[in-house]
Number of protein chains: 2
Amino acid sequence: MDGQTALDTDAARPRVNNRRAGILNAAAYRFRRQGYAATTMRDIASDAGMLAGSLYYHFKSKTALLIAVHEEGVRRIADAVDSAVIAADPADPWKRLEAALAAHLNSLLDGGDYAQVVIRDLPADEPELRATLIKLRDDYEDRFRALVDALPLSNKQDAGWLRLILLGAANWSKTWYRPDGTPPAEIAAHFIRIVKNGETPGSTT
Amino acid sequence: MDGQTALDTDAARPRVNNRRAGILNAAAYRFRRQGYAATTMRDIASDAGMLAGSLYYHFKSKTALLIAVHEEGVRRIADAVDSAVIAADPADPWKRLEAALAAHLNSLLDGGDYAQVVIRDLPADEPELRATLIKLRDDYEDRFRALVDALPLSNKQDAGWLRLILLGAANWSKTWYRPDGTPPAEIAAHFIRIVKNGETPGSTT
DNA sequence: CAGTTAAACAAACATTTGTTTGGTTAATAT
DNA sequence: ATATTAACCAAACAAATGTTTGTTTAACTG
């Protein structure tokens, strides 16, 4: 029995916590498709290839699972946005905002399940849990606050409205987006162009 | 087997179905606050002043209750928008759209619970139910399709984007709106102004 | 009055829920 | 080899779930 070398046991598979990612993936998948309340621990366990009780070796509760998915989701979408902003032209604040919005949309629409869970409406059961999740999202959205504040606006007071319009329109896109339709980057370009130039006839594009 | 087709909205017989509205209100209240999956029939029954089983005299299932709330919600918000558009200046298509958006926002933010349930993310459990609810909302949103198509746009192709931006930003407002903040009508005015005139310096008309 | 019936109750139903517990396996370390 | 421990299973748990059933109450009608 012990004659076999450790060739079949993947060396890149650490013995400790190597199933955590798989469980989190399954949870994110289910939370996105069914929502938190409608997802059962047995759903998640089944997708992860184990029994419901076994999940409690890795996570102490269903709530902890939701928080972990949120944290991972915020981390991913924030990284994507930060990278896009860094790669964008530092001299063009509109382009920087567009790059951030495109990354946000891409994470939301063509990305995995995590980002969708972050954006989706939060469960209102436990106020404490709700506060935790809202804070996670707010910290992320601060990026857009800074990007919008850097714009040369005709009315500086509009920075807040601009942020709300763009993030709202973007977050709502998951209800009408189709993978065979306009890609996320183009959606972002349209959004930015419209709020930047307006739709009044005669405005130069 | 006399199939009674009594109008449930008929108030001529107070004794018949006079609790329907109360039950629907309770359901809308709970669905808005907790979401559909997290709301129990006992929650609704408790708010309506009866036991869970008694609900089944008025509605055949929890699903039927959700559909009824959606139908009532769409009816209310559609009526509000239609009235606002009729009262608006027929010669100014931008004002007409703004009036519709203001009515939409008002129903969503300062209105009752029904509109929020319509807007909230739909349960994905039963595809058939989901299709029913989506169709209800789509029929309502057709109003905005017509209003946007009537605009004198610098780029006619942008009608679709304009509708998506405005409805998206509006529907997302429930996540950041505070009753002591900017009132719905002013929010609508800001949204319209920005997409109409743009934010490029010097474009103030 | 009796007869009918809308409306609700009281109690149970069979599942499903999140979670706990104790035991089992197999890899690792000593 | 022995001990340890990460990881999981198998089974149960109490509570909660949507729904059904038989019965009761009270208002209307003839």
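Every chain is numbered from 1 and lettered A, B, ... according to where its sequence line falls, protein lines coming before strand lines. These figures come from a predicted structure and were not determined experimentally.
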Tell me: CG of A:Leu51 to P of C:dT21, nearest whole Å?
-> 18 Å

Using the C1' atoms of the five pairs at each end, what is the angle between the end axes of the helix from C:dC1-D:dG30 to C:dT30-D:dA1, to 10°?
-> 0°

When you look at OH of A:Tyr29, are more than 12 heavy atoms from neighbouring residues, nucleotides or ligands closer to it than 6.0 Å?
-> no

Within this structure, what is the CZ-to-P distance between A:Arg30 and C:dG18, rounded to whole angstrom?
-> 12 Å

Partner residues of B:Arg193 under the salt bridge (Lys or Arg N to Asp or Glu O under 4.0 Å) criterion, sequence neighbours left out = A:Asp158

Assign each of A:Arg42 and A:Met50 to its nearest nucleotide of DNA chain D by heavy atoms, then name whichever residue's nucleotide is nearer the 5' end.
-> A:Met50

Between D:dG18 atom P and B:Lys62 atom NZ, what is the distance in whole Å?
-> 4 Å

Could you work out which one of C:dC9, C:dA7, C:dG18 sits closest to the side chain of B:Arg19?
-> C:dA7

What does A:Thr63 touch in the nucleic acid at a heavy-atom separation under 4.0 angstrom: a base, only the sugar-phosphate, or nothing?
-> nothing

So, does A:Lys62 use its side chain to make a donor-acceptor pair with the main chain of A:Thr39 at under 3.5 Å?
-> yes

Send over the distance from B:Ile23 CD1 to C:dA7 C1', rounded to a whole Å.
-> 10 Å

Flag yes if more than 12 heavy atoms outside B:Arg33 fall under 6.0 Å of its CZ atom; otherwise flag no.
-> no

Closest of D:dC8, D:dT19, C:dA8 to the B:His58 side chain is C:dA8

Atom-pair distance (OH on B:Tyr56; C1' on C:dC13), nearest Å | 13 Å

Atom pair distance, as rounded to whole Å: CG in B:Leu55 and P in C:dA7 | 13 Å

What one should report as the nearest heavy-atom pair of A:Ser173 and A:Leu105 is OG-CD2, 3.4 Å

Please determine if a side-chain N or O atom of B:Ser54 lies less than 4.0 Å away from the OP1 or OP2 oxygen of C:dA7.
-> no

When you get a sec, tell me which of C:dC9, D:dT19, C:dT20 is the closest nucleotide to the side chain of B:Ala52?
-> D:dT19

Between C:dA7, C:dG18, D:dT19, spot the one nearest the side chain of A:Met41, thanks.
-> C:dG18

Whether over 12 other heavy atoms sit under 6.0 Å from B:Lys60 NZ | no

